[in-house]
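Here is how names work: the chains are called A, B, and so on, in the same order as the sequence lines, proteins then strands, and each is numbered from 1.
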2 protein chains.
Amino acid sequence: MRVSKLLGKTQREIPAEADTISHQLLLRTGMISQVAAGVYSYLPLAWRSLKKIENIVRDEMNKAGGQEITMPVLSPIELWQKSGRDRTMNILFTLNDRREHTLVLGPTHEEVVTELVAHHVQSYRDLPLLVYQIQVKFRDELRPRAGLIRPREFLMKDLYSFDVDETGVEISYQKMLHAYEDICKRCGLKAILVEADSGAIGGKFSHEFILPAESGEDTIISCPKCGYAANAEKAVFNKGAAKNDKPQHIEEIATPGMKTIEELTAFLKIPASQTLKAVFYVADGKFIFVVIRGDLPVNEIKLTNALHCQDLRLATDAEVIEQGIVAGSASPVGFKGVMVVADDSVSSGTNFVAGGNKPDTHIKNVNYPRDFKADIVTDIALAQAGDTCAKCGTKFVAVRGIEVGHIFVLGTLYSSKLGANFIDAAGVSHPILMGCYGFGVSRLLAAAIEQHHDDKGIIWPVPIAPYHVYLCPLYREGTKVDETVEKLYADLQAEGIEVLFDDRQESPGVKFNDADLLGIPLRVTVSPRTLEKESAEVKWRSEKEAKLIPLKDLVTMLKQLLPGKMGV
Amino acid sequence: MRVSKLLGKTQREIPAEADTISHQLLLRTGMISQVAAGVYSYLPLAWRSLKKIENIVRDEMNKAGGQEITMPVLSPIELWQKSGRDRTMNILFTLNDRREHTLVLGPTHEEVVTELVAHHVQSYRDLPLLVYQIQVKFRDELRPRAGLIRPREFLMKDLYSFDVDETGVEISYQKMLHAYEDICKRCGLKAILVEADSGAIGGKFSHEFILPAESGEDTIISCPKCGYAANAEKAVFNKGAAKNDKPQHIEEIATPGMKTIEELTAFLKIPASQTLKAVFYVADGKFIFVVIRGDLPVNEIKLTNALHCQDLRLATDAEVIEQGIVAGSASPVGFKGVMVVADDSVSSGTNFVAGGNKPDTHIKNVNYPRDFKADIVTDIALAQAGDTCAKCGTKFVAVRGIEVGHIFVLGTLYSSKLGANFIDAAGVSHPILMGCYGFGVSRLLAAAIEQHHDDKGIIWPVPIAPYHVYLCPLYREGTKVDETVEKLYADLQAEGIEVLFDDRQESPGVKFNDADLLGIPLRVTVSPRTLEKESAEVKWRSEKEAKLIPLKDLVTMLKQLLPGKMGV
């Protein structure tokens, strides 16, 4: 491809609306163009990289025995009413057609695929079955952001597995787990596998594939010793024991002006783990009184799951006051009329200091369950770096990352609601056991940039680079450069090497800057000076040093450096 | 692929909801599955054929110099307001997002691509430019029908050309015209190129690619001598002269009970071409009085274009009476207060018989424009088989067909409204000249079946068949058949031949019926009887006779018969 003819111009300026590196670079390289908030066109360079990712994903799905299909974007709301997700997925885009039938724009396809399978699968002999698609998806995000990381329209691979028993499910799950590892590896990307929360998809257990990148919105907690890794939202950890003395009599203490755990512990000279903290939420409109040990943050995902609620938010000051709560001195001790959820850390020790439910007052020697009761006691604490591993006791480390894949065991969650059953060898009907396996194709493009860039631009891993070689002639006019590069362009393409040919009449500075910005793996420069030595200068984008290579050896050498024609 | 594992079962019964052969066969073969009215899932066999069509289309677009991109499904209504199509395209699906912004689900992408090009193209040096995508489209059809022929969600290729001048436009147009011819040829399909109406896309002139098929909803009028061919909606023809005597004095005649042209001409013993017929429409809510020579039908597309209206329908009896019109005896002679549109045939003769505007009365010797005036006089007649060619005078023939491609010269229709300009060599700004070129990828799948089937099922052209070979073992159990076909299955696949392996324990009748229904080009049968002769039976789906081929030659022979690995 000649740069002069390519749709999509590079730009120097950092676009004001771009909030992450990948978003900035995708816009600056002319790879994407915004059509609406969170809605983008993919221009030719992005299209090529996406196609390469898609082809790798497809190949791995086929190797695992997946059958490719395409389900439609549109589906009737009645399907989503059967699963209940018309109410629980608050990112659904819906529309009414001319007959006032409501249609959903698919954010995922559990309902549609389950109905399809209910129609086409009858017998255990039809199972196991793996079907997948690579298709555009839609989410009406509250805050679309970060370009292709969290857009409203995006490209995704979703595979669904159908099995007769748990053993089958396990086999399907493992196949996908390995396929995802291979996809990331083949794309030239580093990924980590972590335990994850099942979220709105539901189901029994799940894993995420995370590309470590500083800008990632997920925090991964991992144990450097035993290898345990989980999304912070999901991670379980050893909360340690607080002081475990004999329970003492409850006793009021004056704490003038002490409203935070920090102030309180400094004043009383006790560790935060010897206090109980009150935090107030509203879950689906209902006020919730949360109590947790003073040294631990609340994990809102775990809390949402514990409450089985859809919408969870912190209560406003006004809502807190309305409940008769004295902010800064609240505790469930003697407090009535609201739902109380306690983290299991409340029973990790004795004689805690908690709020006195009146101004400038706390109480000491609070013991659970002697002094207060909770409606729910469970793990609702957020794991952090420095917490210790529940399995081996080692201190956790934390990394930021971007989720590119998410796999779930669904069990019979959808098959039972949508009537997807099979008849076993004895003639008995059972709901089919399902799994679902999502992979963010367009998100991977952005995540790859987050992982592979420097201050000059993108550094594409070879397998997903839009082109292999950036052919860069300098000072063409009136020199032999022109003829040499035109021949080189033809020769390289004839060998299946994908070449982006910067045929523009621009200065070396402009061309080198664009080459660095676009991040094509190999830059081949031909100038009057290299031609004096009958050579071209070859430089990896990822390295500092360039090498002079004799023109006669160039095509052969580039073929050796590159994995040959991968195609788009 | 093993039939036992394939998602999508064949069915004997003809589905009640399917109104055309392709719709019936796509459902019966388990290639598609309905999700909502006019919305389908593509199952693995359909997916493979679609992918082959898509690859042929892509290859031809690339050869023509097209750059592939993907524009989003969603676009803001504001873009459509700029072009005015928010009002004129009544098949737009729209939705409101959570912030009450209205988004359109793209039925085509002129607006989006024009804005994209406005952003990325500045200079004549950036042109010509051909960009395309292969993507899902949406139309909120009044009556979705015929499966993949007129659905609400479908797969389409749309290319847009951008040029600096008319010469450039002509070159781009010709490139696409030839690419479309090559696509149809490479898919193994017969297509005809016809002049067409520009419809809602607008623009200067256009051609359609039609696959002749009896069930087609388009009628193509063509001249067997000079080769002129056009959609009946567009075709111009020689209306012939009516009697051209000297105009006589107008005269009332009693025509008791004569309400139709047939009754009138039989009674008066004159040809229909000597009469004028009145037909009543409502265009965008406005009553229209149409007058046309008695032997010609009204062409509603030409009438719509003449009126520049969006919505045209026949007036109801009540609406006709309300205008004070005497049905069966109406004419524009002496009639006032409504808009009159006349076909240019009203001036093709003299002394016509027309309605008298009172019951049981006509008038003779009506002459235009002496006796009545029309607000518009233009060609609004529908061409039919038997009409004569305007170019060479030969009688037209008519064929039914399905439109699979439609190409348009748009001129500056969109570029001027959306600000897509270029600066010429002299530094002057001009709107870019555009063309658009649509090709129905999923519709082609159905149209191919309409053109290639018999009463037993589909007869796939090899290039777009989901598989090449239907491998059909009979009486496997306890015979050598099993081992032979398993080896054959592996050997054929190793040679890149795509095999659908009917590994089921079914009777020869069931298997042969399914083989015929599915329409895979070559059926290879292995049974104890063929093995006695160390042979397999090979049969083209399109032929009656089978041949015994020695097993040792089979793979080589099949490789020769087939065009090798075409891939999906």
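Between L95(B) and T94(A) the shortest side-chain heavy-atom distance does not fall below 4.5 Å. The side-chain heavy atoms of I69(A) and S41(B), taken from C-beta on, include no pair separated by under 4.5 Å. Counting heavy atoms from C-beta on, the side chains of L103(B) and V39(A) never come closer than 4.5 Å.
A distance-only check finds no donor-acceptor pair linking the side chain of R98(B) to the backbone of L92(A) [under 3.5 Å].
The parts of E68(A) that come within reach of chain B are both its backbone and its side chain, each placing non-hydrogen atoms under 4.5 angstrom from that chain. Both the backbone and the side chain of L43(A) come within contact range of chain B, judged by heavy atoms closer than 4.5 Å. For I91(A), the parts sitting under 4.5 Å from any heavy atom of chain B are the backbone and the side chain alike. Both the backbone and the side chain of V35(A) come within contact range of chain B, each with at least one heavy atom under 4.5 Å from a heavy atom of that chain. Proximity to chain B is absent for every atom of L155(A), based on heavy atoms less than 4.5 angstrom apart. In this structure, the portion of S4(A) lying under 4.5 Å from any heavy atom of chain B is its backbone and not its side chain. Both the backbone and the side chain of L6(A) come within contact range of chain B, judged by heavy atoms closer than 4.5 Å.
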### Message
Quick one, K5(B) with D126(A), criterion salt bridge (charged side-chain N to carboxylate O under 4.0 Å, His left out). Give me CA distance, side-chain angles, the key distance, then yes/no.
### Response
CA-CA 6 Å; K5(B) 295 293 166 205; D126(A) 301 328; over 6 Å; no
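Around atom CZ of R2(A), more than 12 heavy atoms belonging to other residues, nucleotides or ligands sit under 6.0 Å away. No more than 12 heavy atoms of other residues, nucleotides or ligands sit less than 6.0 Å from atom CZ of R143(B).
With respect to chain A, the highest number of heavy-atom pairs below 4.5 Å among E115(B), R125(B), H119(B), R152(B) belongs to R152(B).
Summarising the geometry, atom CZ belonging to F93(A) is positioned 9.5 Å from atom CG belonging to L105(B); distances are rounded to the nearest 0.5 Å. Separation of atoms CD (Q135(B)) and OH (Y42(A)) is listed at 10.5 Å; rounding is to 0.5 Å. Residue L7(A) holds its CG atom at 8.5 Å from CZ of F162(B), rounded to the nearest 0.5 Å. Atom CD of Q34(B) sits about 12.5 Å away from atom CG of L116(A), to the nearest 0.5 Å.
Residue H120(A) comes nearest to G30(B) through the heavy atom pair CE1-CA, 4.3 Å, listed as atom of the first residue, atom of the second, then distance. Counting all heavy atoms, side chain and backbone alike, K9(B) lies closest to Q122(A) at CE-OE1, 4.2 Å.
Contacts between residues 71-79 of chain A and chain B, defined by a heavy-atom separation under 4.5 Å, are made by M71(A), P72(A), V73(A), L74(A), S75(A), P76(A).
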